[in-house]
**Q** 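Sharing a structure with you now.
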Number of protein chains: 2
Amino acid sequence: MSGSPRGKAPQMAIRRLSMYYRTLAALREQGVESISSEHLSALTGSTAAQVRRDLAYFGSFGRRGVGYEVHSLQTHVQKILGIGEGWPMALIGVGNLGSALLAYDGFPRQGFRIVEAFDSDPRRVGTVIRDVVVKPMDQIKETIQARHIVMALLAVPAKAAQGVTEQLVAAGVRCLLNFAPVTLKVPPHVHLASVDLSIEVEYLSYVLRESVAEGQAAEGACSDVPRALSG
Amino acid sequence: MSGSPRGKAPQMAIRRLSMYYRTLAALREQGVESISSEHLSALTGSTAAQVRRDLAYFGSFGRRGVGYEVHSLQTHVQKILGIGEGWPMALIGVGNLGSALLAYDGFPRQGFRIVEAFDSDPRRVGTVIRDVVVKPMDQIKETIQARHIVMALLAVPAKAAQGVTEQLVAAGVRCLLNFAPVTLKVPPHVHLASVDLSIEVEYLSYVLRESVAEGQAAEGACSDVPRALSG
DNA sequence: GGGAGCTTGTGATATGTTTCACGTGGCAAT
DNA sequence: ATTGCCACGTGAAACATATCACAAGCTCCC
């Protein structure tokens, strides 16, 4: 019954599943065949109960008294997350950050690939990075529709972000990962996640200031940042 | 009484304050002098009650019947977040991502500056990017201590991350923003936040899969990703 | 000065998430 | 077989966060 959620999983649970997945992959490479919720939680900075609960949202994958079989659990988590569907991705904006995203080997390793890249700068159009040819912006719609791309990475300047978003939505994109420091408006059927460096740095600035202000040593400042999946 | 929190603010509240801050800065550039919680919430993808509550954790900055004075509120939020303390930052790892971080203009704009960069690759050591000279790894400790750097951005390969982290902690760093896809272990007095691209993409993959599976049109798929500060 | 209309700040409430604690099932060894 | 131990799965409790709804306070206008 691995496909039937009992109740719906919190977003944070999904994010933790990603971490479990990565850890399981590493364990498998090391030849580890079985693991307990206790051990897995130690490796991912979670708690044993949390690991069990997170998995329980989707089914029952372990054996009482024994633990989880690494390979089987990895496969289940992979299915849950939709890794391996091999969703092709488009990248918009091939500046410093965009280039870094193209080169990021974490994506292909997890089964995601940037198959198209776009930029508005004529000097970048036509260049080839990591086997991907940079195309001009006016080819977004036809390319995305032709290749049935549903996920896009948005690495354009803040000012251009909303306009590009609308083009992408019009082209049929269903998921957006935004790197621009702006609040994007998208229709309800489009899913949006954002990586906002300023927010992360300012959050650290806040906790730093707070811990300095409150005598620092006192009340063992928690080093965990739940939302940011510390670690 | 702007400095006295009544109860402690949730992490998410802090992250939203970052968004309010950015929005207020933009409003000020546009010459807007006053704003209501209703309007501010619309601009940041929050709700009016949430805006008021988030601010109320730190004081009472508005005027009933009127709203908030943009400049004054921006100043207060800036103080709360510790922006303007001008914490100098160190960057470890000047690969694709590291270079992008050096070039990211969102940091200086918000008052954060990368003042030192390090890399283990001899070919990169000595190069200058954005006025920052790349130094070898063995100078981490002395440099960080000499310049009293408390925040570091970690853009090294996953395998090197834990080792470098320990060097940084030993050097006295208090805050780490980690970009490597690993679970870092840090002592309790060190604050840690992570940006993990695989987690973001896999989360989108999950919600996409979910929305496709559940008939997609049904029950207006929520496009908001609280943790990721959608938009 | 007084009333109308607006928006904040905040108790109370509802919702969501994590943690606890233990029943259940499974393995190993005697 | 029986005993002892282990670790999962899960209802219930505790905790955290978000939402509601309204009293308090301000401004403007008459």
**Q** Side chains of residues 148-170 of chain A: which donor-acceptor partners sit under 3.5 Å, not counting sequence neighbours?
**A**
unit_1, atom_1, unit_2, atom_2, d
A:Gln162, OE1, A:Lys185, N, 2.9
A:Gln162, NE2, A:Glu166, OE2, 2.8
A:Gln162, NE2, A:Lys185, O, 3.1
A:Thr165, OG1, A:Ala161, O, 2.7

**Q** Can you confirm whether the side chains of A:Ser46 and A:Arg16 place a donor and an acceptor under 3.5 Å from each other?
**A** no

**Q** Identify, with sequence neighbours excluded, every residue that meets side-chain hydrogen bond (donor to acceptor under 3.5 Å, both in side chains) alongside B:Arg63.
**A** none

**Q** Which nucleotide in the list C:dT8, D:dC8, C:dC20 gets nearest to the side chain of A:Ala49?
**A**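 Closest nucleotide among those given: C:dC20.
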
**Q** Please report the distance, rounded to the nearest Å, between CG in B:Leu55 and P in D:dA18.
**A** 14 Å

**Q** Whole-Å distance between C:dT7 C1' and B:Glu69 CD?
**A** 16 Å

**Q** Heavy atoms, side chains only, cut-off 4.5 Å: are A:His71 and A:Glu33 in contact?
**A** no

**Q** Using a cut-off of strictly less than 4.0 Å, decide whether A:Gln11 has a side-chain nitrogen or oxygen near OP1 or OP2 of C:dG16.
**A** no

**Q** Could you tell me how far apart B:Phe61 (CZ) and D:dG25 (C1') are, to the nearest whole angstrom?
**A**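 The answer, rounded to whole Å, is 18 Å.
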
**Q** Hey, which sits more toward the 5' end of DNA chain D by its nearest nucleotide, B:Arg52 or B:Gly65?
**A**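 On the 5' side of the pair lies B:Arg52.
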
**Q** Under 3.5 Å, side chain of A:Thr44 to main-chain N/O of A:Tyr20, donor-acceptor pair present?
**A** no

**Q** Which residues within residues 26-35 of chain A lie with some heavy atom under 4.0 Å of an atom in DNA chain C?
**A** none

**Q** Ignoring hydrogens and angles, answer whether the base of C:dT19 and the side-chain atoms of A:Arg53 contain a donor-acceptor pair closer than 3.5 Å.
**A** yes

**Q** Hey, is the side chain of B:Arg64 pairing donor to acceptor with the base of D:dT27 inside 3.5 Å?
**A**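 Donor-acceptor pair under 3.5 Å: no.
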
**Q** Can you check the A:His76 NE2 to D:dG9 P distance for me, whole Å?
**A**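 In whole Å, D:dG9 P and A:His76 NE2 are 11 Å from each other.
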
**Q** B:Met12 CE to C:dT17 P: how many Å, rounded?
**A**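 Answer to the nearest Å: 11 Å.
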
**Q** Under 4.5 Å between any side-chain heavy atoms of A:Leu40 and A:Tyr68, yes or no?
**A**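 A:Leu40 does not reach A:Tyr68 side chain to side chain.
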
**Q** Rounded to whole Å, please give me the gap between OH in A:Tyr57 and C1' in D:dG11.
**A**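 Taking OH of A:Tyr57 and C1' of D:dG11, I get 13 Å after rounding.
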
**Q** With rounding to the nearest 0.5 angstrom, report the CD1 to NE2 distance, B:Ile80 to B:His76.
**A** 7.5 Å

**Q** Just to confirm, is there a sub-4.0 Å distance from OP1 or OP2 of C:dT7 to any side-chain nitrogen or oxygen of B:Ser37?
**A** no

**Q** Grab the CD-C1' distance between A:Glu38 and D:dC8 for me, whole Å please.
**A** 12 Å

**Q** Would you say A:Leu102 and B:Asn96 make side-chain contact, with heavy atoms under 4.5 Å?
**A** no

**Q** Report which part of the nucleic acid A:Arg63 touches: base, sugar-phosphate, or nothing (heavy-atom distance under 4.0 Å, all strands).
**A** sugar-phosphate

**Q** Can you check the B:Arg16 CZ to D:dT19 C1' distance for me, whole Å?
**A**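 To the nearest whole Å, that distance equals 12 Å.
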
**Q** May I ask you to evaluate whether A:Ser60 reaches the phosphate of D:dG9, defined as a side-chain N or O under 4.0 Å from OP1 or OP2?
**A**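 So the side chain of A:Ser60 is within the cut-off, an N or O lying under 4.0 Å from OP1 or OP2 of D:dG9.
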
**Q** Between D:dA18, C:dT7, C:dC20, which nucleotide has the shortest distance from any of its atoms to the side chain of B:Pro10?
**A** D:dA18

**Q** Taking only the side-chain heavy atoms of A:Thr47 (C-beta and beyond), determine which of D:dA18, C:dT19, D:dG9 contains the nearest atom.
**A**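 The closest nucleotide is C:dT19.
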
**Q** Return the nearest nucleotide to the side chain of B:Gln50; candidates are D:dT19, C:dT8, D:dT10.
**A**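 Shortest atom-to-atom distance from the side chain points to D:dT19.
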
